[in-house]
Amino acid sequence: MVVLSAARWLRSRLTDRFWRGQEGLKYACQSGLGQPAHFRGRKNRCYRLAVRSVRRAFVKSTKARREKKRFLRALWITRIEAASLEHGLKYPAFISNLLKSQVELNRKMIADLAIYEPKTFKSLAALAQRRRQEGFLAALGDGKEPEGIFSRIVHHY
Amino acid sequence: VAKTSLTSPPWPEVKLPDPVEEAKFHAEVVQKVNKMIAAGQYGRLFAVVHFASKQWKITSEDLIMMDNVLEAECGDRIRMEKVLLVGADDFTLIGRPLLGRDLVRVEATVIEKTESWPKINMRFWKRHNYQRKKIIVTPQTVLRINTIEIFPCLS
């Protein structure tokens, strides 16, 4: 390439080998404002080591995105279990009775309600408890007795 | 007859309250709540809405971001049906599974439609010279919930 001013030799971005290495290093190294580097040790300066770490980081993040959904659901379930035990119900009883009374809130919502709306969660627990008792009576009695009020199914047509 | 472990069921004996009295109590409660709604004695309302295949817990002046495209321009008002739950400080209305359209009204405005930050999808098998890198940019929509209103038409 023809360089007119020899004093300042600017490295041209497309052809120089230096810049192709910087492309991968940008994920690992220090950003301009003096913040701490993303990666520790020589992994944030040397290209060979950085390439390996950055590749592993990307692969781990793709796999983690699929597992995050599993973790969050387990977390919600633990929280709902803790909250329903405070009201005297176990988690399987709570969830199954809520579904039988046609309330289709998912676990994320019920966990959020248990944290931020304790009164609403208490009413949901009471609903589940009542439906459970009506279920017991229906199992024992079997017909001829009045059906439970909260076990009536709503039809939307 | 001798009592075995199977004579009585494993759960404790349950007695439900009298159905007639219960019906009266229920009607009273419904009347009370109706009066409260008509008089406007509730503070902030929150609602659980099913939207874009997800459930959201929303109040007024709330921002919501979803990972998809909505066929509405920026600045359009949208009414969200499919309300599962509405609540205030003293009462909650639980839908089975949805609440009626003439009971709740949730209004929202589309604020912006952008794209997400470029997410990197990489697959790598070691010692097999196999790596694929894909950059995924998903469209996003931001909505602001303007109001949640309830009307006193319970029965």
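Basis for what follows: all heavy atoms, side chains included, without hydrogens, waters or symmetry-related copies. Below, read A as the first sequence line, B as the second, and so on, with proteins coming before strands; counting in each chain starts at 1. If you're wondering where the values come from, they're calculated on a predicted model, not measured in any experiment.
Hydrophobic clustering places B:Leu154 together with B:Ile150 (ILVMFWY residues linked when any side-chain heavy atoms are closer than 4.5 Å, directly or through intermediates).
The greatest number of non-hydrogen atom pairs below 4.5 Å with chain A, out of B:Asp89, B:Val48, B:Leu16, B:Thr92, is found for B:Leu16. For chain B, the option among A:Thr120, A:Val103, A:Asn106 with the highest count of heavy-atom pairs below 4.5 Å is A:Asn106. For the options A:Lys108, A:Lys119, A:Glu117, heavy-atom pairs under 4.5 Å to chain B are most numerous at A:Glu117.
Looking at A:Arg56, neither its backbone nor its side chain comes within 4.5 Å of chain B, counting heavy atoms on both sides. When heavy atoms are compared at a cutoff of 4.5 Å, B:Pro10 does not approach chain A at all. With a 4.5 Å cut-off on non-hydrogen atoms, B:Leu85 touches chain A through its side chain but not through its backbone. Both the backbone and the side chain of B:Ile120 come within contact range of chain A, judged by heavy atoms closer than 4.5 Å. Heavy atoms closer than 4.5 Å to chain A are found nowhere in B:His50, neither backbone nor side chain. Interface remark: B:Lys15 contributes no atoms to any contact with chain A (heavy atom separation under 4.5 Å). Using a 4.5 Å cut-off between heavy atoms, B:Phe46 contacts chain A through its side chain alone, with no backbone atom that close.
Judged by distance alone, the side chains of A:Arg55 and B:Gln131 do bring a donor and an acceptor atom under 3.5 Å apart.
In summary, B:Lys24 and B:Glu28 do not engage in a salt bridge, as defined by a charged side-chain N under 4.0 Å from a carboxylate O. Of the charged side-chain nitrogens involved, at least one lies within less than 4.0 Å of a carboxylate oxygen, so that B:Glu107 and B:Arg105 count as a salt-bridged pair.
The ring-ring contact (aromatic ring centres under 6.0 Å, His included) test applied to A:Phe71 returns no partner, not counting sequence neighbours.
In this structure, A:Ser84 contributes its side chain and A:Leu89 its backbone to a donor-acceptor pair below 3.5 Å.
Two rings, from A:Phe94 and A:Phe121, have their centers less than 6.0 Å apart.
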